[in-house]
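Quick one: the structure is below, questions incoming.
Each chain gets a letter, A, B and so on, in the order the sequences are listed, and its residues count up from 1. In what follows, every heavy atom counts, from backbone to side chain, and hydrogens, waters and symmetry copies are set aside. Just so it is clear, the model here is predicted, and its values are computed rather than measured.
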2 protein chains.
Amino acid sequence: MEKAINKKRAKLSRDMIETAAFEVIEREGLVGFSMRKLAQALGCEAMSIYHHYPSQAHLFEALVERLICELEIPPHDLPWRHRAKAVVSDYRAMARAHPAFAPFLVTYRMNSPKCLKWLDGVIGLFEDGGFGKERSARMFRALGYYLMGAILDETAGYARGPSAVTTVDDEQLRREFPYVAAAGTYFSTGEFDKTFEMGLDMLLDEMEREVAGSGRPTLSAAR
Amino acid sequence: MEKAINKKRAKLSRDMIETAAFEVIEREGLVGFSMRKLAQALGCEAMSIYHHYPSQAHLFEALVERLICELEIPPHDLPWRHRAKAVVSDYRAMARAHPAFAPFLVTYRMNSPKCLKWLDGVIGLFEDGGFGKERSARMFRALGYYLMGAILDETAGYARGPSAVTTVDDEQLRREFPYVAAAGTYFSTGEFDKTFEMGLDMLLDEMEREVAGSGRPTLSAAR
DNA sequence: CTTGACAACTTACACTGTAAGGATCATCAA
DNA sequence: TTGATGATCCTTACAGTGTAAGTTGTCAAG
């Protein structure tokens with residue numbers, strides 16, 4: 001009798017669930033997300049989702065996999081610097097397309113084969129460029145640190161609301177914290193790209209120096 | 001009649017609560033933390049804490065403040081590079097002393113006067129070093145990105161348990177993802193300091209180049 | 001002793017993830 | 001056609017969460 005209602009929805013699938021999950025996360029925020037809200041977006045009950053994923057953690061991991069799988073390793077015949085920059089830019093663009101999910105994405109430790117394949121390509125990129133095993137590993141890490149931090153900052157507005165403690169107004173800011181006030185101009189969202197590029201190029205420049213003149217002393221080694 | 005029990009505890013205070021909160025967070029993890037567990041550690045009821053903090057968010061913000069207030073800005077008469085390195089190292093050491101709390105700490109947007117005072121000192125450090133307003137802002141950000149990412153990675157083990165998806169064993173890792181396997185040696189906790197120092201020095205080297213020869217073209221500007 | 005303020009507690013509510021088991025439905029064998 | 005077997009989805013229930021609202025205990029001032 002009441003089954004007449006249920007024909008308006010196609011059968012659930014991992015694809016549907018994940019697509020809806022991304023929408024709910026971006027709409028409600030990462031902490032505002034819940035299995036019940038996801039179910040509502042899907043037009044089903046919360047427990048139905050558990051037939052496709054054993055837990056919320058598994059679902060979230062599937063989301064990470066789905067995003068990482070969209071990424072590609074740039075062709076091997078390009079210079080390593082181009083490739084590194086492309087990989088970093090691609091990842092950043094992908095993360096910023098899902099700002100509310102980004103905090104989970106960047107702090108997730110990738111263990112699955114699909115993710116490891118991408119990781120392997122990225123680290124291999126450095127070895128192709130002439131860095132040894134150790135330098136490749138550390139360069140990858142350094143670049144990853146920078147990328148991770150940047151994404152977190154750039155997407156921070158979506159992760160947590162405004163602070164609850166006593167904030168200072170613009171007037172007080174300019175008077176008591178002049179350096180912060182002056183820097184604020186360059187902290188706006190419109191400046192994200194330029195700031196990110198600058199830091200990225202700094203790291204890449206330094207890496208290029210290292211791989212170009214492996215024998216020559218660097219600044220830090222000289223002093 | 002049952003009041004005989006309650007004399008074994010001093011009156012609650014913000015100091016007591018915060019100290020206990022740090023302990024509970026490190027013991028139970030950030031997600032494992034709850035007001036009820038904190039209350040249990042304090043020997044009181046959960047709602048008693050709300051007499052001292054209007055919400056859990058306020059409590060967490062007080063924790064951040066407490067940590068930031070411990071930090072100091074290095075003396076002005078030191079070279080800017082020394083000062084920058086000291087500030088970064090201090091912050092990293094502080095964050096790593098509270099690994100479970102670190103994810104909250106680094107993603108928290110500091111708005112309170114006490115935190116802003118420290119921030120102002122850090123940005124001012126660059127201006128003292130001869131960077132202009134814009135460069136100071138961007139250098140601060142770049143260094144902050146790197147620092148943030150590094151801390152998150154270094155403390156990641158405390159934030160989230162092992163992955164739930166299908167992981168690969170060492171045998172498979174070496175066969176299918178040789179670059180990752182080779183890099184793994186340098187990803188262990190024992191290598192954190194060295195990797196961090198390398199990336200940090202790379203950024204500082206590049207900054208030193210920029211501030212030293214403001215007219216001379218950099219590598220990235222030349223190409 | 002009374003009064004009042006404050007600190008701590010009690011209760012209750014809406015929400016969370018998910019364990020356990022029941023209902024429905026498509027598919028295939030007899 | 002019938003019966004059985006899964007796959008899929010739903011219902012109920014439970015222990016846990018943050019916290020709003022109201023209640024009690026404690027202690028100093030009048």
Are side-chain N/O atoms of Tyr53(A) and Glu18(A) paired as donor and acceptor at under 3.5 Å?
-> yes
Indicate, with a heavy-atom threshold strictly under 4.0 Å, whether Met35(B) touches base, sugar-phosphate, or nothing.
->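 Met35(B): backbone/sugar contact only, no base atoms under 4.0 Å.
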To the nearest angstrom, how far is Tyr53(B) atom OH from dG18(D) atom P?
->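 Distance, rounded to whole Å: 16 Å.
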If you pin Lys11(A) and Lys37(B) to their nearest nucleotides in DNA chain D, which one's is more 5'?
-> Lys11(A)
dA8(C), dG18(D), dA20(D): which one has an atom nearest the side-chain heavy atoms of Met47(B)?
->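 When the side chain of Met47(B) is considered, dA20(D) is the closest of dA8(C), dG18(D), dA20(D).
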Nearest of dT19(D), dT11(D), dC9(D) to any side-chain atom of Tyr50(B)?
-> dT19(D)
Integer-rounded Å distance: dA19(C) P and Glu45(A) CD =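 To the nearest whole Å, that distance equals 17 Å.
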Quick one: Phe60(B) CZ to dG18(D) C1', roughly how many Å, whole number?
-> 12 Å
Round to the nearest Å and state the distance from Gln56(B) atom CD to dA20(D) atom P.
->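 So the CD-P distance, Gln56(B) to dA20(D), works out to 12 Å.
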Hey, is the side chain of Arg36(B) pairing donor to acceptor with the base of dG16(D) inside 3.5 Å?
-> no
Expressed in angstrom and rounded to an integer, what is the separation of Leu12(A) atom CG from dT8(D) atom C1'?
-> 8 Å
Side-chain N,O (Ser34(A)) to OP1/OP2 (dT16(C)) below 4.0 Å |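 Indeed, a polar side-chain atom of Ser34(A) lies that close.
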Interatomic distance, His52(A) NE2 vs dT18(C) P [rounded to whole Å] =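 That distance rounds to 16 Å.
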Among dC10(D), dA8(C), dC9(C), the one nearest Cys44(A) by side-chain distance = dC10(D)
Kindly say if His51(A) contacts the phosphate of dC10(D), meaning a side-chain N or O under 4.0 Å from OP1 or OP2.
->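 No, because none of the side-chain N or O atoms of His51(A) sits under 4.0 Å from OP1 or OP2 of dC10(D).
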Could you pull out the closest heavy-atom pair between Leu125(A) and Val87(A), with the gap in Å?
->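 The pair with the smallest heavy-atom distance is CD1-CG2, 3.8 Å.
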Within this structure, what is the CG-to-P distance between Leu30(A) and dT16(C), rounded to whole angstrom?
->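 About 14 Å, once rounded to whole Å.
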Does Gln172(A) CD have over 12 foreign heavy atoms under 6.0 Å away?
-> yes
Atom-to-atom span, CD of Gln40(B) to P of dG16(D) - whole angstrom = 11 Å
Take Arg141(B) and Thr195(A), measure what side-chain hydrogen bond (donor to acceptor under 3.5 Å, both in side chains) needs, and give me the verdict at the end.
-> CA-CA 8 Å; Arg141(B) 263 291 192 258; Thr195(A) 299; over 6 Å; no
Can a side chain N or O of Ser48(A) be found less than 4.0 Å away from OP1 or OP2 on dT8(D)?
-> no
Distance only, no hydrogens: is a donor on one side chain within 3.5 Å (strictly under) of an acceptor on the other, for Ser112(B) and Glu65(B)?
-> yes
